[in-house]
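First the structure, in the form of structure tokens, and then the observations on it.
None of these values were measured; they are calculated from a predicted model. Just so it is clear: chains get the letters A, B, ... in the order the sequence lines come, proteins before strands, and each one is counted from 1.
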Amino acid sequence: MQASEFLAEAGAISRFAGRFFSEGFRPRYEVQEFLYQCYVVGYKSLPLVGVTGFIMGMVLTLQARPTMAKFGAEAWIPAMVALSIIREMGPIITALICAGKIGSSIGAELGSMNVTEQIDAMEVSGTNPFKYLVVTRVLATTLMIPVLVILADVIGLYASYLGVNMKGVTSLSLFVNNIMNRLEFSDVVPAFIKTFFFGFAIGIIGCYKGYHSQKGTEGVGQSANSAVVVSSLVIFVIDLLAVQITGLLGLN
Amino acid sequence: MESVSPQVQEAPAQQPAASAEVVLEVEHLVKSFGENHVLQDFSLQLHRGENVVVLGKSGSGKSVLIKCIIGLLQPDSGSIRVFGEEVTGLEHQELDELRARVGFLFQSNALYDSMTVRENLLFPLRRHWINKTPAEEQAMVEEALQSVGLEQTQNMMPAELSGGMRKRIGLARTLILKPDIILYDEPTTGLDPITAREISQLILDVQARYTTSAIIISHDMNCVRITANRVALLVDGRCYQQGTYEELRHSTDPVVREFFEGAVPRA
């Protein structure tokens, strides 16, 4: 991709996001479709996010143990794993998994609707397709990804508790106390806030790619594929910006 | 499984009188995509109860014309008046009100594949704020399906239907709002000759039953022969010639003959 193409694409996505803000908060509100999209994005992603979170917590704990044991610092494992999960691993892994699952499905769905003229059909049926298809999906991903991240964090921490108990004995209350003593608001709040941006990026890029998909079967495939690639990349960029901003604010 | 529509006749209804009310008027329409000048000074009138077929080569701008009429595309210049109202300057809500009276049958049918046939039919009804009781909605769905001969498909998904059935359901979804004008975008493209003929007959059936006016975009000469009260030839972005099917078929103009030769043996 040439620099000019990249800039044109970035500009087009920004305009698309601008249209979301200008049209999204004016009536008519598509409440029913929004709730359905929350169900699709949130509820249907639960098993995948749950399994990923569980494995993430378990593996981090088991990997950390030998090194920590060398320094006699096994007691620090819960706090260390909790900090890694809450500050970074939970948000980024959940967002990437969702970019793969939700971003691709939005890209493919809207792409095939575009190719088969279903978006035009909506427009002639008295519906603003941008509101009905794009605004509902972007709002759903923006609000559901943070919920999924919290769930993945909790499941990951519980898996970490199980991991700690595989080689030793720790009660759940001790495990939780150990974490709570070292966890601060500045660990939780910035990490939580950035997940809204991750969700927004997944939704807006998936919708943009689908809405502007090229005609034909290949176009739909490309929409789904580039929705995942671009949103994953943007998630990392947002993560980098987030760490810089929290650093500047003295929250790191 | 596919049922055959009630056969009405294989010739369009009586030519509406030239004095019949003009329901749609396109004047000096211009539309370009970059350097591609698709429509250049295209003009056409549609009278009440009339089927006008716009005939033209692929890529000649036929679909662009009806997409401009329904407001999916904005023309560069020219005027489109539907029921005397200028379409190009309409606000979103006014455009929606107009769209409730002008049906559009998409070339690819554009059925929502995540919804059942019944939900597909209810979608335009509910979206146009037409408040009906569930019993009234059900009656309207059944009437629309019955008029295309597919009452039994209510709970089926579009993927379970054949090409011809999908076309009929697309038409039923248009008919549920009882439009005054229907715009058909290549209604027989991609169908086998028998199904194509059935769809053409269905278009006539709809015209007779609902007294709709229609613009039919086509390059299927059989469909043109069956459905057209009047044929308008779109060549180089302009309305090259107009007349009945028979008039154009016997034309000596080389451009007109090009369309008819090969398709139908000359009498």
Q. Step by step, would you call B/Phe104 with A/Asp120 a side-chain contact (heavy atoms from CB on, under 4.5 Å)?
A. CA-CA 10 Å; B/Phe104 195 111; A/Asp120 283 346; over 6 Å; no

Q: Specify the closest pair of heavy atoms between B/Asp96 and A/Glu123, including all atoms of both residues, with the distance to one decimal.
A: OD1-O, 4.2 Å

Q: Check whether any side-chain N or O of A/Glu117 sits under 3.5 Å from a backbone N or O of B/Ser108 as a donor-acceptor pair, and report yes or no.
A: yes

Q | Enclosure of A/Tyr161 OH (heavy-atom neighbours >12, cutoff 6.0 Å) | A | yes

Q) Got more than 12 heavy atoms from elsewhere within 6.0 Å of CZ, B/Phe33? A) yes

Q. Taking everything shown except A/Phe196 itself, do over 12 heavy atoms lie less than 6.0 Å from its CZ?
A. yes

Q | A/Gln118 to B/Leu111 - nearest heavy-atom pair and separation | A | CD-O, 3.2 Å

Q) When you look at OH of A/Tyr29, are more than 12 heavy atoms from neighbouring residues, nucleotides or ligands closer to it than 6.0 Å? A) yes

**Q.** Region of B/Glu97 in contact with chain A, defined by heavy-atom distances below 4.5 Å
**A.** neither

**Q.** Heavy-atom contacts under 4.5 Å, residues 53-65 of chain B to chain A
**A.** none

Q) Around B/Glu86, counting heavy atoms of other residues, nucleotides and ligands shown, do more than 12 lie under 6.0 Å from its CD? A) yes

Q | Closest contact, heavy atoms only, B/Tyr112 versus A/Ser125 | A | OH-OG, 3.7 Å

Q) Can you tell me how far CZ of B/Arg99 sits from OG1 of A/Thr127, rounded to the nearest 0.5 angstrom? A) 10.0 Å

